[in-house]
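These numbers come from the heavy atoms of this one structure, side chains and all, not from hydrogens, waters or symmetry mates.
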Amino acid sequence: MQKVVILGGSGFVGRTLCELLARQGVPVVVPSRRRRAARHLLPLPNVTVLEADAHDPTTLDGLLQGADAVVNLIAILQGSPQRFQRVHVDLVQTIADACLRQGVPRLLHVSALGVPDDQPDSAPSNYLRSKARGEQVLARAAAQGLQVAVLRPSVIFGCHDKLLNLFAALQRAVPVVPLAGADARFAPVWVGDVAQALVQLLHMHLTSGRVNVWEACGPQEYTLAGIVQTAGELAGCSRPILPLPHWAAYLQALAMECLPGEPLMSRDNLASMRVPNVATGRHAGLPALGVQAAEMRGVASTYLRH
(Lines give C-alpha, C1' and ligand atoms only; values in the text may rest on other atoms or scores of the structure.)
Protein backbone atom coordinates (compact mmCIF):
# COMPACT_ATOMS: atom_id res chain seq x y z
CA MET A 1 0.00 0.00 0.00
CA GLN A 2 1.19 3.50 -0.86
CA LYS A 3 -0.84 5.49 1.69
CA VAL A 4 -3.20 4.72 4.58
CA VAL A 5 -5.02 7.54 6.38
CA ILE A 6 -5.88 6.75 10.01
CA LEU A 7 -8.49 9.00 11.57
CA GLY A 8 -8.18 8.85 15.34
CA GLY A 9 -4.67 7.47 14.92
CA SER A 10 -3.33 9.22 18.02
CA GLY A 11 -5.69 7.29 20.31
CA PHE A 12 -5.43 3.99 22.17
CA VAL A 13 -6.03 1.65 19.21
CA GLY A 14 -4.50 4.05 16.70
CA ARG A 15 -1.04 4.17 18.25
CA THR A 16 -0.78 0.36 18.16
CA LEU A 17 -2.05 0.21 14.58
CA CYS A 18 0.46 2.88 13.52
CA GLU A 19 3.28 0.89 15.14
CA LEU A 20 2.30 -2.29 13.27
CA LEU A 21 2.04 -0.53 9.91
CA ALA A 22 5.31 1.35 10.50
CA ARG A 23 7.08 -1.99 11.00
CA GLN A 24 5.68 -3.15 7.66
CA GLY A 25 6.89 -0.01 5.91
CA VAL A 26 3.37 1.19 5.05
CA PRO A 27 3.18 5.02 4.71
CA VAL A 28 0.62 6.33 7.19
CA VAL A 29 -0.99 9.76 7.53
CA VAL A 30 -2.56 10.70 10.88
CA PRO A 31 -4.63 13.90 10.98
CA SER A 32 -5.00 15.44 14.43
CA ARG A 33 -6.72 18.62 15.55
CA ARG A 34 -3.70 19.24 17.80
CA ARG A 35 -0.39 17.92 16.50
CA ARG A 36 0.94 17.89 20.05
CA ALA A 37 -1.67 15.26 20.98
CA ALA A 38 -0.02 12.86 18.51
CA ARG A 39 3.60 13.60 19.46
CA HIS A 40 4.10 9.97 20.57
CA LEU A 41 3.72 8.97 16.89
CA LEU A 42 6.38 11.35 15.58
CA PRO A 43 9.36 8.98 16.11
CA LEU A 44 7.69 6.22 14.05
CA PRO A 45 9.10 5.78 10.52
CA ASN A 46 6.67 6.26 7.63
CA VAL A 47 4.11 7.98 9.90
CA THR A 48 3.20 11.59 9.08
CA VAL A 49 1.17 13.61 11.57
CA LEU A 50 -0.75 16.56 10.15
CA GLU A 51 -2.72 19.15 12.08
CA ALA A 52 -6.17 18.99 10.48
CA ASP A 53 -9.88 18.79 11.26
CA ALA A 54 -11.40 15.57 9.92
CA HIS A 55 -14.89 17.01 10.24
CA ASP A 56 -14.17 19.51 7.44
CA PRO A 57 -15.02 18.02 4.00
CA THR A 58 -12.53 20.19 2.09
CA THR A 59 -9.70 19.31 4.46
CA LEU A 60 -10.64 15.64 4.29
CA ASP A 61 -10.57 15.71 0.48
CA GLY A 62 -6.99 16.93 0.59
CA LEU A 63 -5.93 14.32 3.15
CA LEU A 64 -7.46 11.45 1.18
CA GLN A 65 -5.91 12.23 -2.19
CA GLY A 66 -3.94 9.21 -3.35
CA ALA A 67 -4.93 7.07 -0.35
CA ASP A 68 -5.38 3.32 -0.74
CA ALA A 69 -7.48 3.03 2.41
CA VAL A 70 -8.94 4.98 5.31
CA VAL A 71 -9.30 3.65 8.86
CA ASN A 72 -11.84 5.43 11.08
CA LEU A 73 -11.16 5.03 14.80
CA ILE A 74 -12.87 8.22 15.97
CA ALA A 75 -15.50 7.55 18.64
CA ILE A 76 -16.79 8.81 21.97
CA LEU A 77 -18.28 7.05 25.00
CA GLN A 78 -19.97 10.02 26.64
CA GLY A 79 -22.01 12.99 25.49
CA SER A 80 -25.37 14.35 24.45
CA PRO A 81 -27.48 12.76 21.70
CA GLN A 82 -26.35 15.61 19.44
CA ARG A 83 -22.67 14.90 20.10
CA PHE A 84 -23.12 11.18 19.42
CA GLN A 85 -24.87 12.08 16.16
CA ARG A 86 -22.05 14.40 15.11
CA VAL A 87 -19.22 11.92 15.81
CA HIS A 88 -20.78 8.52 15.06
CA VAL A 89 -23.10 9.44 12.18
CA ASP A 90 -22.38 12.82 10.58
CA LEU A 91 -18.60 12.32 10.61
CA VAL A 92 -18.95 8.83 9.13
CA GLN A 93 -21.06 10.33 6.34
CA THR A 94 -18.39 12.98 5.73
CA ILE A 95 -15.65 10.33 5.58
CA ALA A 96 -17.60 8.02 3.28
CA ASP A 97 -18.48 10.88 0.92
CA ALA A 98 -14.83 11.98 0.79
CA CYS A 99 -13.72 8.41 0.01
CA LEU A 100 -16.18 8.21 -2.88
CA ARG A 101 -15.15 11.63 -4.23
CA GLN A 102 -11.42 10.91 -4.03
CA GLY A 103 -11.66 7.35 -5.35
CA VAL A 104 -10.36 5.75 -2.15
CA PRO A 105 -11.26 2.09 -2.65
CA ARG A 106 -11.44 0.89 0.98
CA LEU A 107 -12.80 2.17 4.31
CA LEU A 108 -12.28 0.35 7.61
CA HIS A 109 -14.49 1.40 10.50
CA VAL A 110 -14.35 0.38 14.17
CA SER A 111 -17.84 0.10 15.60
CA ALA A 112 -18.92 -1.82 18.74
CA LEU A 113 -20.46 -5.08 19.88
CA GLY A 114 -24.12 -4.72 20.75
CA VAL A 115 -24.92 -2.73 17.62
CA PRO A 116 -28.10 -4.15 16.05
CA ASP A 117 -27.80 -5.30 12.44
CA ASP A 118 -31.04 -3.46 11.67
CA GLN A 119 -33.50 -1.16 13.47
CA PRO A 120 -31.02 1.22 15.18
CA ASP A 121 -33.77 2.59 17.40
CA SER A 122 -34.06 -0.81 19.10
CA ALA A 123 -30.70 -0.26 20.81
CA PRO A 124 -31.03 0.88 24.45
CA SER A 125 -28.47 3.71 24.47
CA ASN A 126 -27.51 6.79 22.49
CA TYR A 127 -24.05 5.26 22.02
CA LEU A 128 -25.34 2.05 20.40
CA ARG A 129 -28.08 3.80 18.40
CA SER A 130 -25.60 6.27 16.91
CA LYS A 131 -23.12 3.49 16.13
CA ALA A 132 -25.89 1.59 14.34
CA ARG A 133 -26.85 4.65 12.28
CA GLY A 134 -23.19 5.12 11.36
CA GLU A 135 -23.14 1.58 9.98
CA GLN A 136 -26.27 2.38 7.95
CA VAL A 137 -24.35 5.28 6.39
CA LEU A 138 -21.60 2.84 5.44
CA ALA A 139 -24.11 0.44 3.91
CA ARG A 140 -25.26 3.18 1.53
CA ALA A 141 -21.64 3.98 0.64
CA ALA A 142 -20.94 0.29 0.01
CA ALA A 143 -23.88 0.20 -2.38
CA GLN A 144 -22.12 2.98 -4.33
CA GLY A 145 -18.95 0.93 -4.76
CA LEU A 146 -16.89 1.65 -1.64
CA GLN A 147 -15.31 -1.45 -0.06
CA VAL A 148 -16.34 -1.32 3.60
CA ALA A 149 -15.17 -3.44 6.53
CA VAL A 150 -16.57 -2.96 10.03
CA LEU A 151 -14.88 -4.35 13.13
CA ARG A 152 -17.05 -4.64 16.24
CA PRO A 153 -14.85 -5.11 19.32
CA SER A 154 -15.77 -5.83 22.90
CA VAL A 155 -14.06 -3.68 25.56
CA ILE A 156 -10.39 -3.25 24.67
CA PHE A 157 -7.53 -3.62 27.14
CA GLY A 158 -3.82 -2.94 26.89
CA CYS A 159 -0.91 -1.12 28.50
CA HIS A 160 -2.42 2.35 27.94
CA ASP A 161 -6.07 1.39 28.51
CA LYS A 162 -8.65 3.28 30.53
CA LEU A 163 -10.25 0.02 31.65
CA LEU A 164 -8.00 -2.19 33.78
CA ASN A 165 -5.67 0.67 34.71
CA LEU A 166 -8.65 2.71 35.88
CA PHE A 167 -10.12 -0.11 37.96
CA ALA A 168 -6.71 -0.84 39.50
CA ALA A 169 -6.22 2.83 40.41
CA LEU A 170 -9.72 2.98 41.87
CA GLN A 171 -9.04 0.01 44.15
CA ARG A 172 -5.84 1.61 45.41
CA ALA A 173 -7.92 4.58 46.53
CA VAL A 174 -11.05 3.05 48.14
CA PRO A 175 -11.75 0.29 50.70
CA VAL A 176 -14.73 -1.11 48.76
CA VAL A 177 -15.92 -0.75 45.14
CA PRO A 178 -19.64 0.05 44.73
CA LEU A 179 -20.21 -1.20 41.18
CA ALA A 180 -23.03 -0.46 38.74
CA GLY A 181 -23.71 -3.10 36.10
CA ALA A 182 -21.70 -5.71 37.98
CA ASP A 183 -23.35 -8.58 36.06
CA ALA A 184 -22.86 -7.04 32.60
CA ARG A 185 -21.03 -9.44 30.28
CA PHE A 186 -17.92 -8.69 28.24
CA ALA A 187 -15.30 -10.53 26.19
CA PRO A 188 -12.27 -8.23 26.66
CA VAL A 189 -9.95 -8.12 23.66
CA TRP A 190 -6.31 -7.05 23.58
CA VAL A 191 -5.50 -3.86 21.67
CA GLY A 192 -2.72 -5.69 19.82
CA ASP A 193 -5.23 -8.20 18.46
CA VAL A 194 -7.60 -5.42 17.37
CA ALA A 195 -4.77 -3.64 15.54
CA GLN A 196 -3.65 -6.91 13.91
CA ALA A 197 -7.21 -7.56 12.74
CA LEU A 198 -7.29 -4.11 11.10
CA VAL A 199 -3.99 -4.81 9.35
CA GLN A 200 -5.48 -8.03 7.97
CA LEU A 201 -8.57 -6.15 6.78
CA LEU A 202 -6.38 -3.66 4.93
CA HIS A 203 -5.01 -6.44 2.75
CA MET A 204 -7.71 -9.09 2.41
CA HIS A 205 -10.43 -9.38 -0.21
CA LEU A 206 -13.71 -7.69 0.72
CA THR A 207 -17.10 -8.46 -0.78
CA SER A 208 -18.36 -5.45 -2.74
CA GLY A 209 -21.83 -3.98 -2.46
CA ARG A 210 -22.32 -4.55 1.27
CA VAL A 211 -20.74 -3.92 4.66
CA ASN A 212 -18.38 -6.74 5.71
CA VAL A 213 -18.66 -7.21 9.49
CA TRP A 214 -16.31 -8.99 11.91
CA GLU A 215 -16.56 -9.28 15.70
CA ALA A 216 -13.45 -8.89 17.86
CA CYS A 217 -13.63 -10.73 21.17
CA GLY A 218 -11.18 -12.21 23.61
CA PRO A 219 -11.25 -15.95 24.33
CA GLN A 220 -12.89 -15.63 27.75
CA GLU A 221 -16.05 -13.91 28.96
CA TYR A 222 -16.09 -11.86 32.16
CA THR A 223 -18.73 -9.99 34.10
CA LEU A 224 -17.86 -6.37 34.88
CA ALA A 225 -17.32 -7.47 38.47
CA GLY A 226 -14.89 -10.11 37.19
CA ILE A 227 -12.94 -7.51 35.22
CA VAL A 228 -12.69 -5.26 38.28
CA GLN A 229 -11.65 -8.17 40.48
CA THR A 230 -8.97 -9.27 37.98
CA ALA A 231 -7.56 -5.73 37.76
CA GLY A 232 -7.32 -5.53 41.54
CA GLU A 233 -5.72 -8.94 41.92
CA LEU A 234 -3.07 -8.32 39.26
CA ALA A 235 -2.26 -4.87 40.66
CA GLY A 236 -2.02 -6.24 44.20
CA CYS A 237 -4.78 -4.03 45.56
CA SER A 238 -7.94 -6.15 45.37
CA ARG A 239 -10.94 -4.71 47.22
CA PRO A 240 -14.40 -6.11 47.98
CA ILE A 241 -16.96 -5.37 45.27
CA LEU A 242 -20.44 -4.18 46.20
CA PRO A 243 -22.86 -4.81 43.29
CA LEU A 244 -25.46 -2.05 43.14
CA PRO A 245 -29.15 -2.65 42.39
CA HIS A 246 -30.45 -0.89 39.30
CA TRP A 247 -31.94 2.09 41.16
CA ALA A 248 -28.70 2.72 43.04
CA ALA A 249 -26.65 2.24 39.86
CA TYR A 250 -28.83 4.83 38.10
CA LEU A 251 -28.32 7.34 40.93
CA GLN A 252 -24.56 6.68 40.95
CA ALA A 253 -24.33 7.28 37.21
CA LEU A 254 -26.43 10.45 37.51
CA ALA A 255 -24.18 11.75 40.28
CA MET A 256 -21.05 11.04 38.23
CA GLU A 257 -22.48 12.96 35.28
CA CYS A 258 -22.72 16.03 37.52
CA LEU A 259 -19.00 15.98 38.33
CA PRO A 260 -16.59 18.06 36.21
CA GLY A 261 -14.79 16.31 33.38
CA GLU A 262 -15.69 13.08 31.60
CA PRO A 263 -17.68 10.85 33.96
CA LEU A 264 -16.40 7.41 34.95
CA MET A 265 -19.94 6.13 34.35
CA SER A 266 -23.03 7.67 32.76
CA ARG A 267 -26.65 6.64 32.47
CA ASP A 268 -26.01 5.99 28.78
CA ASN A 269 -23.13 3.63 29.66
CA LEU A 270 -25.47 1.84 32.04
CA ALA A 271 -28.06 1.45 29.28
CA SER A 272 -25.42 0.09 26.87
CA MET A 273 -24.50 -2.62 29.36
CA ARG A 274 -27.98 -4.09 29.09
CA VAL A 275 -26.77 -5.66 25.82
CA PRO A 276 -24.17 -8.43 26.37
CA ASN A 277 -20.82 -7.27 25.01
CA VAL A 278 -19.86 -10.73 23.76
CA ALA A 279 -19.78 -12.56 20.42
CA THR A 280 -23.21 -12.97 18.86
CA GLY A 281 -22.31 -15.73 16.41
CA ARG A 282 -23.94 -13.78 13.56
CA HIS A 283 -20.60 -12.64 12.15
CA ALA A 284 -17.10 -14.05 11.76
CA GLY A 285 -14.60 -13.40 14.53
CA LEU A 286 -10.87 -12.89 14.92
CA PRO A 287 -9.95 -16.48 13.92
CA ALA A 288 -11.38 -15.78 10.45
CA LEU A 289 -8.80 -12.98 10.20
CA GLY A 290 -5.97 -15.25 11.29
CA VAL A 291 -5.77 -13.69 14.76
CA GLN A 292 -5.50 -15.92 17.83
CA ALA A 293 -6.86 -13.70 20.58
CA ALA A 294 -4.83 -13.30 23.77
CA GLU A 295 -6.44 -13.88 27.16
CA MET A 296 -6.84 -10.81 29.37
CA ARG A 297 -5.20 -12.06 32.55
CA GLY A 298 -1.97 -13.12 30.86
CA VAL A 299 -1.46 -9.83 29.01
CA ALA A 300 -2.64 -7.57 31.84
CA SER A 301 -0.25 -9.18 34.30
CA THR A 302 2.64 -7.72 32.28
CA TYR A 303 1.64 -4.10 32.93
CA LEU A 304 -0.59 -3.95 36.01
CA ARG A 305 2.09 -5.43 38.26
CA HIS A 306 4.53 -2.59 37.52
Side-chain angles (χ1 to χ4, degrees), residues 8 11-17 19-20 71 73 75 77 108-117 125 127-128 131 149-171 177 179-202 204 212-235 238 241 265 269 272-306:
F12 176 43
V13 176
R15 68 189 298 165
T16 304
L17 178 59
E19 289 167 3
L20 288 181
V71 183
L73 304 173
L77 290 173
L108 274 52
H109 175 78
V110 174
S111 186
L113 279 178
V115 170
D117 289 322
S125 66
Y127 173 79
L128 290 175
K131 281 287 191 179
V150 167
L151 191 67
R152 296 178 180 172
S154 185
V155 291
I156 305 174
F157 67 90
C159 183
H160 303 284
D161 69 44
K162 294 182 180 179
L163 178 72
L164 299 179
N165 283 303
L166 176 62
F167 287 135
L170 179 63
Q171 289 175 85
V177 181
L179 187 63
D183 292 331
R185 293 164 52 209
F186 300 89
V189 60
W190 180 43
V191 65
D193 291 332
V194 173
Q196 185 59 53
L198 291 169
V199 171
Q200 294 295 101
L201 290 171
L202 282 172
M204 70 183 296
N212 300 261
V213 178
W214 281 266
E215 296 181 340
C217 296
Q220 185 173 345
E221 292 185 12
Y222 290 79
T223 63
L224 182 59
I227 293 175
V228 175
Q229 182 180 26
T230 300
E233 289 174 354
L234 294 177
S238 182
I241 296 170
M265 172 77 72
N269 297 149
S272 291
M273 287 193 290
R274 286 161 46 192
V275 181
N277 207 250
V278 298
T280 65
R282 295 193 299 269
H283 303 285
L286 293 179
L289 298 174
V291 178
Q292 186 66 39
E295 209 283 313
M296 183 178 75
R297 180 176 285 272
V299 174
S301 66
T302 64
Y303 63 90
L304 287 182
R305 285 176 180 162
H306 292 288

How long is the gap from [atom1] on [X] to [atom2] on [Y], to the nearest 0.5 Å?
X	Y	atom1	atom2	answer
Leu164	Ile156	CG	CD1	12.0 Å
Phe186	Leu224	CZ	CG	5.0 Å
His160	Asn165	NE2	CG	9.0 Å
Phe167	Leu179	CZ	CG	6.5 Å
Leu201	Asn212	CG	CG	8.5 Å
Trp214	Ser111	CH2	OG	14.0 Å

A side-chain contact here means heavy atoms from C-beta on lying under 4.5 Å apart; do [X] and [Y] qualify?
X	Y	result
Leu198	Val110	yes
Val71	Leu202	yes
Gln171	Val228	yes
Val155	Phe157	no

Main-chain N/O of [Y] paired to [X] side chain as donor or acceptor, under 3.5 Å:
X	Y	result
Asp193	Ala294	yes
Lys131	Pro116	no
Asp183	Thr223	no
Glu215	Thr280	yes
Gln229	Ile241	no
Asn277	Ala184	no
Tyr303	Gly158	yes

For the student: nearest non-hydrogen atoms of [X] and [Y], plus distance:
X	Y	result
Gln196	Leu20	N-CD1, 3.7 Å
Tyr222	Glu295	OH-OE2, 2.5 Å
Ile227	Pro188	CD1-CG, 3.9 Å
Thr302	Gly298	CG2-O, 3.7 Å
Leu289	Ala197	CD1-CB, 3.7 Å
Cys217	Val278	SG-C, 4.1 Å

Just one of Val189, Val291, Leu286, Leu17 clears the side-chain contact (heavy atoms from CB on, under 4.5 Å) bar with Val194, so which one?
-> Val189

Return the set of residues passing side chain to side chain donor-acceptor pair (under 3.5 Å) with Gln220 (not counting sequence neighbours), or none when no residue passes.
-> none

